[in-house]
S.K.: 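There's a structure below that I have some questions on.
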Amino acid sequence: MTVSISLHRDPPQPGNRPEPRAMLELIKPVTWFPPMWAYLCGMVSTGASFADHWALALLGVILAGPIVCGMSQAANDWCDRHVDAINEPERPIPSGRIPGRWGLWIALAMSGLSLVVGTFLGLWGFVATCVGVLAAWAYSAEPIRLKRSGWWGPGLVGLSYESLPWFTGAAVLAQALPRPEIITVALLYGIGAHGIMTLNDFKALEGDRKMGVNSLPVTLGPDRAAKLACLIMLVPQALVILALAHWGQASYAAAILALGLGQVWAMSVMLRDPRAKAPWYNGTGVLMYISGMMIAAFALRDMGL
């Protein structure tokens, strides 16, 4: 895997050092919540005491969010700087607020920091951290750049944002391979997150078209891509509901079903105008999606007690 560092197409840079505010913007704090939430879901699902493992809990949440997720955002912005110059020219790198190759150096430094911090979480935590770092670069960097695919890219991000931190949180607290039920639910929610990532691609539609990024909104069109994203989000949740009911957790399954019906309503609103309503759905339907994740985590906890 190689990382392009050619600057011949970069915009003029007004300074020699990045602005502190621009560096914070580069690692996008707003994106940290999903992996941090999933890590918490993983810890809850084990049934282990937080009080007995508070240091692992705190360190894992920081690693999942500000460090690994922040690193992935920096790497993505560096590799996407030419696309961002079209879609979001105000972003730190194309605007010149992070000049030269500073975006690359920040991403590489945070990759190293991720691996160092991961060693403090034991074998399972370190291995998961390695997987997360490799996934971040595979998504963004040439020659792999899975972001070019509307199938592989969102799939990798969904698994990295939801399944991997959920698995990690459970494995770190248990210091062992999590129970099959935990792995199954974590995997299903990661698969469903493919749909969330597809909706997120709507904001970059024009730039993706020009730069050859074959997101589903580009290849299928906004209407078909939105319908497919809804289906991908709903099917894994339906399987979680069925699994919990089969495992004797009917009350938890019913709560997730109610949230699923709420998402169906939100989807009906979003599908009227996918390009305009996709951001609105992220604040309504996605909130119900992640609420169901925590409910499922408590169901798994009760199964293990």
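Predicted model only: the values in this text are computed from it and were never measured.
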S.K.: Check the pair D84 / I93 against side chain to side chain contact (heavy atoms under 4.5 Å, CB included), numbers first and verdict last.
M.R.: CA-CA 8 Å; D84 286 343; I93 295 176; over 6 Å; no
S.K.: Contact between R145 and Y139 at the side-chain level, heavy atoms closer than 4.5 Å - yes or no?
M.R.: no
S.K.: Given 3.5 Å as the limit, does a donor-acceptor pair link the side chain of R17 with the main chain of I98, or not?
M.R.: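 Not a single qualifying donor-acceptor pair exists.
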S.K.: For P35 and P165, work out which heavy atoms get closest and say how close.
M.R.: O-CB, 3.4 Å
S.K.: Is any side-chain heavy atom of Y39 closer than 4.5 Å to a side-chain heavy atom of V172?
M.R.: yes
S.K.: Apply side chain to side chain contact (heavy atoms under 4.5 Å, CB included) to W124 and L177, showing your working.
M.R.: CA-CA 8 Å; W124 288 103; L177 184 70; 3.7 Å; yes
S.K.: Check this for me: W247, atom CH2, are more than 12 non-hydrogen atoms of other residues, nucleotides or ligands nearer than 6.0 Å?
M.R.: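 Correct, the count exceeds 12.
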S.K.: Under 6.0 Å between ring centres, would you say that holds for Y289 and Y189?
M.R.: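 Between Y189 and Y289, which both carry aromatic rings, the centre distance is below 6.0 Å.
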S.K.: Where does the angle between the aromatic ring planes of H194 and W151 fall among parallel (under 30°), tilted (30 to 60°) and perpendicular (over 60°)?
M.R.: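 Rings of H194 and W151: tilted, 30 to 60°.
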S.K.: Contact between T46 and R301 at the side-chain level, heavy atoms closer than 4.5 Å - yes or no?
M.R.: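 The answer is no, as the side chains (C-beta and beyond) never meet within the 4.5 Å cut-off.
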S.K.: As a quick check of understanding, evaluate side chain to side chain donor-acceptor pair (under 3.5 Å) for D201 and S215, giving each step before the final call.
M.R.: CA-CA 7 Å; D201 286 336; S215 68; 4.7 Å; no
S.K.: Is R81 positioned over the aromatic face of W78, cation under 6.0 angstrom from the ring centre and no more than 45 degrees off axis?
M.R.: yes
S.K.: Determine the minimum heavy-atom distance between P89 and I86, stating which atoms define it.
M.R.: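 Heavy atoms only, the tightest pair is CD-O, 4.0 Å.
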S.K.: Could you check whether any side-chain heavy atom of L199 comes within less than 4.5 Å of a side-chain heavy atom of M270, counting everything from C-beta outward?
M.R.: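 Yes, their side chains come closer than 4.5 Å.
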S.K.: State, yes or no, whether a side-chain contact exists between P34 and E162 at a heavy-atom distance under 4.5 Å.
M.R.: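 Yes, at least one pair of side-chain atoms sits under 4.5 Å.
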S.K.: If you measure from the Lys or Arg side-chain nitrogens to the Asp or Glu carboxylate oxygens, is any gap between R97 and E25 under 4.0 Å?
M.R.: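 Yes, charged N to carboxylate O under 4.0 Å.
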S.K.: For W280 versus T284, what's the shortest heavy-atom pair and its separation?
M.R.: O-OG1, 3.1 Å
S.K.: Should the pair D80-R91 be classified as a salt bridge under the 4.0 Å nitrogen-to-oxygen rule?
M.R.: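 The answer is no: the pair does not qualify as a salt bridge.
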S.K.: Just to verify, which of L146, V157, N214, I144 counts as forming a side-chain contact (heavy atoms from CB on, under 4.5 Å) with W152?
M.R.: L146
S.K.: If you apply the rule side chain to side chain contact (heavy atoms under 4.5 Å, CB included), what do you find for V117 with T129, and how did you get there?
M.R.: CA-CA 9 Å; V117 174; T129 303; over 6 Å; no
S.K.: Side chains of L26 and W102, heavy atoms from C-beta outward: is any pair under 4.5 Å?
M.R.: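 No, their side chains stay 4.5 Å or more apart.
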S.K.: What pairs with S111 under side-chain hydrogen bond (donor to acceptor under 3.5 Å, both in side chains), at least two apart in sequence or on another chain?
M.R.: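 Once residues adjacent in sequence are excluded, the partners of S111 under the side-chain hydrogen bond (donor to acceptor under 3.5 Å, both in side chains) criterion are W137.
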S.K.: I want to check something: taking the side chain as every heavy atom from C-beta on, are L164 and L159 in contact at a cut-off of under 4.5 Å?
M.R.: no
S.K.: Apply side chain to side chain contact (heavy atoms under 4.5 Å, CB included) to M267 and L234, showing your working.
M.R.: CA-CA 10 Å; M267 289 172 181; L234 288 174; 3.6 Å; yes
